[in-house]
Amino acid sequence: MRQKIVAGNWKMNNDKDATKKLIKQLRKSTKKLSLKNTRVIVAPTFVNLSAAIKRAKKSKIEVVAQNMHQAKNGAFTGEISAEMLKSIGVKTVILGHSERRTYFGETDALLAEKVNAVLENKLETIFCFGELLEDRKSENHFAVVESQLKNGLFHLEASAWKHIVLAYEPVWAIGTGETASPEQAQEMHAFIRSIIEKQYNKDVADNVSILYGGSVKPANAEEIFSKPDVDGGLIGGAALKAEDFTAIIKAI
Ligand code: 13P
């Protein structure tokens, strides 16, 4: 059975004190929740991962990284490797966020290399993708998403898919306050599952968790999560407030 996941991508927010405070609040607010088959994840910035992991110990909160370099080690100033992340207790890495693709030029080909590095290191990835506004306006959104998945992930063996979580984040809905409607999210998630089934098999398609991301808030989370192919959310802005993030966790 596929897992439900509520993940908070903190992006470049929260210094060390704010990180500790937010983890503490979430520890408390999730303590009594019965989270059957449901994972709660937060992704602080690299420098605060250790502090967050320490504070999240023996809680219901998993701490993951927002990015990773594809090489094992070497002359890559400013970068972070899988081994470094593993050595501080990180087990999951977000890859392919649209902000990485747009502002840091991450291509499908580069992301395929990063995915390989994640798997070689026995880590898991939350792999993000999604179309631009112009793609949707020109009705190219299905083709764009299909090519992102094909180029980033479809070289993998079926067995690798147990280490993959997908996050569909239409770029026009990120940080804009404009959400895909629950129907638009469902339509795309069902499409994603159908192309995975075609490429692999029904088992892989049925078991991969597909998260929706883009302006998920306490007010719209329940309706989005109620859709059969939406297994949770990747939350930006609303993940920075314990109260809002907790409300979104409760919505699942
Ligand atoms: P917002 O929830 O702020 O729209 O951000 C979504 C996102 O980019 C999560 O990765």
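Note that ligands are numbered from 1 as they come in the structure, with each ligand's atoms numbered from 1 the same way. Atoms considered below: every heavy atom in the structure, side chains included; atoms not considered: hydrogens, waters and symmetry mates. Starting from 1, each residue takes its place in the sequence as its number. It should be emphasised that the depicted structure is a prediction, and the values quoted were computed from it without experimental measurement.
In terms of N/O distances under 3.5 Å, ligand 1 is approached by Lys11. Ligand 1 has no nitrogen or oxygen under 3.5 angstrom from a nitrogen or oxygen of Gly213. Considering backbone and side-chain N/O of Gly237, one or more are found under 3.5 Å from N/O of ligand 1. Polar contact with ligand 1: present for Gly236 (N/O pair, distance under 3.5 Å). Residue Glu169 has at least one nitrogen or oxygen atom sitting less than 3.5 Å from a nitrogen or oxygen atom of ligand 1, judged on distance alone.
Residue contacts with ligand 1, taken as heavy atom pairs separated by less than 4.0 Å, involve Ala173 solely via the backbone atoms N, CA, C and O. Both the backbone and the side chain of Ile174 come within 4.0 Å of ligand 1, counting heavy atoms alone.
Phe154 and Tyr200 have perpendicular rings, their planes meeting at more than 60° on a 0 to 90° scale where under 30° would count as parallel.
A salt bridge (Lys or Arg N to Asp or Glu O under 4.0 Å) with Asp108 is found for exactly one of Arg101, Lys150, Arg100, namely Arg101. For the pairing with Glu124, the salt bridge (Lys or Arg N to Asp or Glu O under 4.0 Å) check across Arg39, Lys162, Lys91 returns one residue only, Arg39.
For ligand 1, the atoms lying closer than 4.0 Å to a non-hydrogen atom of Gly175 are 1 (P), 3 (O), 4 (O). Close contacts between ligand 1 and Gly214 involve ligand atoms 4 (O), 6 (C) [criterion: under 4.0 Å to a heavy atom].
The backbone N or O of Arg2 sits less than 3.5 Å from a side-chain atom of Asn37, completing a donor-acceptor pair. A donor-acceptor pair is defined here as one N or O able to donate and one able to accept, closer than 3.5 Å; such a pair exists between the side chain of Ser215 and the backbone of Gly177. Thr19 places no side-chain N or O within donor-acceptor distance of the main-chain N or O of Asp17, the cut-off being under 3.5 Å.
Atom 1 (P) of ligand 1 has its nearest heavy-atom neighbour, among Ser215, Ala7, Ser98, in Ser215.
For Lys217, the heavy-atom gap to ligand 1 stays at 4.0 angstrom or more.
Across all non-hydrogen atoms, the minimal contact from Arg27 to Arg55 is NH1-O, 2.6 Å.
No more than 12 heavy atoms of other residues, nucleotides or ligands shown are found within 6.0 angstrom of NZ on Lys54.
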